[in-house]
There are 2 protein chains.
Amino acid sequence: MDHQESHTHSSHNHNDCIETALATAETLCLEQGQRLTKVRRRALELIWQSHRPLGAYQLLAKLAEEGFNSAPPTVYRALDFLLAAGLVHKVESMNAYLGCAHADKPHKGYFLICDSCHNVMEFDYQDVHTSLLEKAARHGFELRAETIELTGLCAKCKMASTGANA
Amino acid sequence: MDHQESHTHSSHNHNDCIETALATAETLCLEQGQRLTKVRRRALELIWQSHRPLGAYQLLAKLAEEGFNSAPPTVYRALDFLLAAGLVHKVESMNAYLGCAHADKPHKGYFLICDSCHNVMEFDYQDVHTSLLEKAARHGFELRAETIELTGLCAKCKMASTGANA
DNA sequence: GCAATATTGTTATGATATAACACTCATACC
DNA sequence: GGTATGAGTGTTATATCATAACAATATTGC
């Protein structure tokens with residue numbers, strides 16, 4: 001049923017996440033006859049290494065440091081590829097890009113975004129999707145994509161702020 | 001209960017919408033001791049005159065034609081004011097701005113955006129909000145704002161495309 | 001009127017994203 | 001293995017979206 005996932009908890013070993021994501025990406029690309037080229041692979045890895053959504057130009061700077069071409073099309077092409085493959089999501093309200101934790105299952109990117117620490121948690125509630133789909137249909141609207149971005153205070157920051165007051 | 005509204009149907013008299021919106025805006029600003037200055041009022045009106053979300057620079061161009069200052073801060077200040085007052089919404093996935101049809105009641109901007117004609121319908125389903133609020137709380141997350149933007153094909157465009165095939 | 005504050009003018013720049021065309025490399029086919 | 005094809009990348013230029021910083025002006029409360 002409901003599924004939720006965060007790759008922002010400092011408690012976990014994020015390297016595992018990155019490795020899993022990269023492995024999944026390679027498998028998916030192989031299956032679909034897509035080429036996970038050097039720059040695409042490295043872009044994906046760099047996006048994953050950040051615990052927060054990464055801006056295109058931040059990513060470009062990192063790629064440039066490593067000898068990749070430093071012109072914007074480089075990064076936007078890589079992002080376009082990764083977005084189309086479902087390997088990353090774009091967080092519209094931040095103009096930033098985030099590794100997708102379950103690219104292997106088609107899903108919508110629903111996000112909880114902390115205003116304070118800027119960490120982002122992805123969640124994927126089937127019931128919300130079903131409900132939105134049904135409501136769209138009620139308007140004769142054929143739903144293709146959903147942008148669901150919830151902002152506020154994450155548990156940690158909330159505790160930190162109340163703790164400071166107490 | 002559930003409320004939905006469109007100001008994109010060509011069937012209606014959009015002038016009524018604009019007048020109502022402007023009247024509501026004046027009332028709200030008066031109540032809250034806010035000043036609906038010339039440029040703010042005209043910006044709101046121009047946003048409403050467009051049936052689709054209007055880009056900041058599109059709006060700026062229209063304002064400039066009418067003798068207002070043509071530098072970007074002019075339009076962004078007006079937009080900031082209108083956004084803060086809840087009189088317009090920003091459609092994040094389009095970087096564009098839309099008149100809010102029910103600024104008088106606090107609400108979230110939920111949008112159905114047609115990929116084909118780019119019209120946008122605002123809807124506001126209390127049950128979706130409640131559901132998201134509860135799910136956020138489940139993660140210890142204190143929800144402050146929601147960006148819900150659904151894209152796809154509106155009823156008209158869907159009919160037009162199937163009609164073309166038939 | 002006058003001080004305090006809000007609003008607007010103005011210049012400059014930062015941040016995000018794409019167009020257009022040349023070049024290179026991988027792959028598939030012979 | 002050669003070579004045509006198309007995918008991918010390099011490069012230059014520019015479009016689009018947004019804000020910083022400070023000066024000038026208008027509004028409001030006294």
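So that the names make sense, note that chain A is the first sequence line, chain B the second, and so on, each numbered from 1. In this text the structure is predicted, and so the values were computed from the model without any measurement.
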- Message: What's B:Tyr97 touching, base or sugar-phosphate or nothing? Going by heavy atoms closer than 4.0 Å.
- Response: sugar-phosphate
- Task: Please test B:Lys62 against B:Glu65 for salt bridge (Lys or Arg N to Asp or Glu O under 4.0 Å), starting from the C-alpha separation and ending with a verdict.
- Result: CA-CA 5 Å; B:Lys62 287 173 193 279; B:Glu65 276 176 21; over 6 Å; no
- Query: Checking salt bridge (Lys or Arg N to Asp or Glu O under 4.0 Å) for the pair A:Glu134/A:Arg138: CA distance, chi angles, key distance, verdict?
  - Reply: CA-CA 6 Å; A:Glu134 180 252 310; A:Arg138 215 186 280 174; 2.6 Å; yes
- Touch check for A:Lys90, heavy atoms < 4.0 angstrom, all strands: base, sugar-phosphate only, or nothing? sugar-phosphate
- Message: Can you give me the first and the last nucleotide of DNA chain D (5' to 3') that has an atom within less than 4.0 angstrom of a non-hydrogen atom in chain A?
- Response: D:dG8 to D:dT12
- Query: For A:Leu79 and C:dT16, what is the distance between atoms CG and P respectively, to the nearest whole Å?
  - Reply: 12 Å
Can you name the atoms? Protein N/O to nucleotides 20-27 of chain C N/O, anything below 3.5 Å, with the distance.
from: C:dA20; atom 1: N6; to: A:Arg77; atom 2: NH2; distance (Å): 3.3

- Sub-4.5 Å side-chain heavy-atom contact between A:Phe123 and A:Leu112: yes
- B:Ile148 side chain reached by B:Phe111 side chain, heavy atoms, under 4.5 Å: no
- Task: Check the side chains of B:Tyr110 and B:Glu149 for a donor-acceptor pair under 3.5 angstrom, ignoring hydrogens and angles.
- Result: no
- Task: Output yes when at least one side-chain N/O atom of A:Tyr57 is less than 4.0 Å from OP1 or OP2 of C:dT16, else no.
- Result: no
- Message: Just to be sure I understand the rule, does B:Asn69 reach a base, reach only the sugar-phosphate, or reach nothing, if contact means heavy atoms closer than 4.0 Å?
- Response: base
- So which one's nearest nucleotide on DNA chain C is more toward 5', B:Phe68 or A:Ala71? B:Phe68
- Task: Would you mind telling me which residue lines up with the more 5' stretch of DNA chain D, A:Thr37 or B:Gly55, judged by nearest nucleotide?
- Result: A:Thr37
- Whole Å only: how far is the NZ atom of B:Lys38 from the P atom of C:dG9? 11 Å
- Query: Can you tell if the side chain of B:Gln49 reaches within under 4.5 Å of the side chain of B:Leu46, non-hydrogen atoms only?
  - Reply: yes
- Check the distance between C:dA15's C1' and A:Met94's CE and give it to me in whole angstrom. 14 Å
- Query: Bend angle of the helix from C:dG1-D:dC30 to C:dC30-D:dG1 from five-pair axes at both ends, rounded to 10°?
  - Reply: 30°
- Message: I need the CG-P distance between A:Leu54 and C:dA17, as an integer number of Å.
- Response: 12 Å
- Item | Spacing of B:Arg41 atom CZ relative to C:dT8 atom P, expressed in whole Å | 14 Å
- Spacing between B:Leu60 atom CG and C:dG9 atom C1', to the nearest angstrom: 13 Å
